Amino acid sequence: MINYRIYQNNNSESKGYGKWHARSVIQETLDAQALAEHMSTHNSPYSEGVINGVLTDMIRCIKELVLGGKAVKLDDLAIFSLGLKTTGAATVKDFTVE
């Protein structure tokens, strides 16, 4: 079940100004350890510790691959990739990643 809250768009510069929309409501945020604990309760032959180890290795590897310029797709979940947020410069010479 998806929990949501209804709100009205009050941004006068938006195309959706004055219209009603929904936002999902997050009940709780679980870390990798809590996810491992949850997964171990689903008739898994693997212990919470084994699952946590696999998740820890997976997270480490995803970081390594993404920092190496690759995207990692976990089917039906997400694609992890690196993004940049920069401020524009008047010329290419003036541009800096700082």
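The basis for the numbers below is simple: all heavy atoms, side chains too, and nothing from hydrogens, waters or symmetry mates. Along the sequence shown, residues are numbered consecutively beginning with 1. Since the structure is predicted, the reported quantities are computational estimates derived from the model, not experimental observations.
Between the CG atom of Asn52 and the CG atom of Asp31 there is a distance of 8.5 Å, given to the nearest 0.5 Å. Atoms CG and OH, on Asn10 and Tyr17 in that order, are 6.5 Å from each other to the nearest 0.5 Å. Annotation: the span from Ile62 atom CD1 to Ser81 atom OG amounts to 11.5 Å, rounded to 0.5 Å. The distance from atom CD1 of Ile51 to atom NE2 of His42, rounded to the nearest 0.5 Å, is 9.5 Å. In this structure, NE2 on His38 lies 8.0 Å from CG on Leu30, to the nearest 0.5 angstrom. Between Asn3 atom CG and Ser24 atom OG the span is 9.0 Å, to the nearest 0.5 Å.
Taking each heavy atom of Val66 and Leu82 in turn, the nearest pair found is CG1-N, 3.5 Å. Between Asp94 and Ala89, the shortest heavy-atom distance links the atoms C-CB, 3.8 Å. Between Gly16 and Asn9, the closest heavy-atom pair is O-CB, 3.2 Å.
No side-chain heavy atom of Phe95 sits less than 4.5 Å from a side-chain heavy atom of Thr87.
Among the candidates Ile79, Asp75, Leu74, the single residue satisfying the side-chain contact (heavy atoms from CB on, under 4.5 Å) test with Leu77 is Leu74.
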Any chance you could lay out the side-chain contact (heavy atoms from CB on, under 4.5 Å) test for Glu48 and Met39, step after step, and finish with the verdict?
CA-CA 7 Å; Glu48 178 184 330; Met39 290 173 67; over 6 Å; no
Does His21 form a side-chain contact (heavy atoms from CB on, under 4.5 Å) with Ile6? I'd like the steps, not just the answer.
CA-CA 6 Å; His21 303 271; Ile6 297 174; over 6 Å; no
Can Arg60 and Thr56 be said to form a side-chain contact (heavy atoms from CB on, under 4.5 Å), step by step?
CA-CA 6 Å; Arg60 192 174 306 128; Thr56 299; 3.4 Å; yes
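A cation-pi contact links Arg23 to Tyr7, judged by a cut-off of 6.0 Å to the six-membered ring centre and 45° from its axis.
Hydrophobic clustering (ILVMFWY, side-chain heavy atoms < 4.5 Å, transitive): Phe80 and Val54 are in distinct clusters.
Counting only distance, with no hydrogens or angles, the side chain of Gln8 and the backbone of Gly18 share a donor-acceptor pair below 3.5 Å.
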